[in-house]
Amino acid sequence: MSSSGAQHLPVADRWFEVVPIDDALTLIREPHVASFVRGNIWYLRGERLDLVIDTGLGVASLSAELAAGFSRRPPVAVVTHAHLDHLGSAHEFAEVWAHELEPTELPGQGTLLGEELNEILGGHGCSIGVPNGLLVEALPHPDYVPADYALVPVEPTRRLVDGEVIDLGDRRLTVVHLPGHTAGSIGLYDRDNRALFTGDVVYDPPDLLDELVHSNVDDYVRSMRRLLTLDVSIVYPGHGDPFAGERLRDIAGAYVARRAAG
Ligand SMILES: [Zn+2]
């Protein structure tokens, strides 16, 4: 890294971190952003179609990273929901798919300032626990100005509904509508491989966000109950590391016990 005088922040040698999971799946992360907005980008390659499941903050170009690092056909971007750390780079892709209830074309304001993000996502001035200050610890290039960050609206090229199947050729992902965190949050379920991409519906540690401005606890309880019915052995979450199906059932069960009672 080298120092950037104007921002007093270092410039990252490389913005994205690339973690191979298996022959078909790669995890891409943004290590220089605060953990609250450090979303997972899942790059899943199929026989006839590739996906990026969520697209990061959009501080640096994800499509350029993919083109440089993998030199395959352009993937379809599937966004699990429209929060800034998942939708950020979606506008860079020709194909963007999202649930029909998720407002990717009106995602609201984006910011890299913790105080502002608390206001935007928490609503009514209530804090949702975003750390104060700047949410990036480095810059993608010396001229980057964090104060100019904006979340770019995206018109989906395909509006997904519950139960429809995304066919990658050698792998089929079923769209599972899981409202609660947001109205149009989705998971993608690979029944044959017992794998589930969960976005922000479930991750571990489970400091799950169900009191954001567009959240709904009753919907969240129903979504967790639904997750308990799926045969899952591996979870690829929107934040943090992959984990086993038993852990998914522990987290969903505990959530239902806590919220359905309250
Ligand atoms: Zn979210």
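None of the values given here were measured: they were computed from a predicted structure. Numbering of ligands and ligand atoms starts at 1, following listing order. Atom set for the values below is all heavy atoms of this structure, side chains included, hydrogens, waters and symmetry mates excluded.
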(request) Confirm or rule out an N/O/S atom of H86, from backbone or side chain, lying less than 2.8 Å from the Zn ion (ligand 1). (result) no

(message) So, of the N/O/S atoms that H83 has, which is the nearest one to the Zn ion (ligand 1)?
(response) ND1

(message) Salt bridge check, E95 against R73: does any charged N sit closer than 4.0 Å to a carboxylate O?
(response) no

(message) With a cut-off of 2.8 Å, does D200 put an N/O/S atom close enough to the Zn ion (ligand 1)?
(response) yes

(request) Kindly assign one of parallel, tilted or perpendicular to the pair W42 and F197, based on the angle between their ring planes and the thresholds 30° and 60°. (result) perpendicular

(message) Whether R45 engages the ring of Y43 as a cation-pi pair (distance to the six-membered ring centre under 6.0 angstrom, angle to the ring normal within 45°) should be assessed.
(response) yes

(message) Under a 3.5 Å threshold, yes or no: a donor from one side chain and an acceptor from the other, between D210 and S215?
(response) no

(request) May I have the angle between H181 NE2 and H81 NE2 with its vertex at the Zn ion (ligand 1), rounded to 10°? (result) 100°

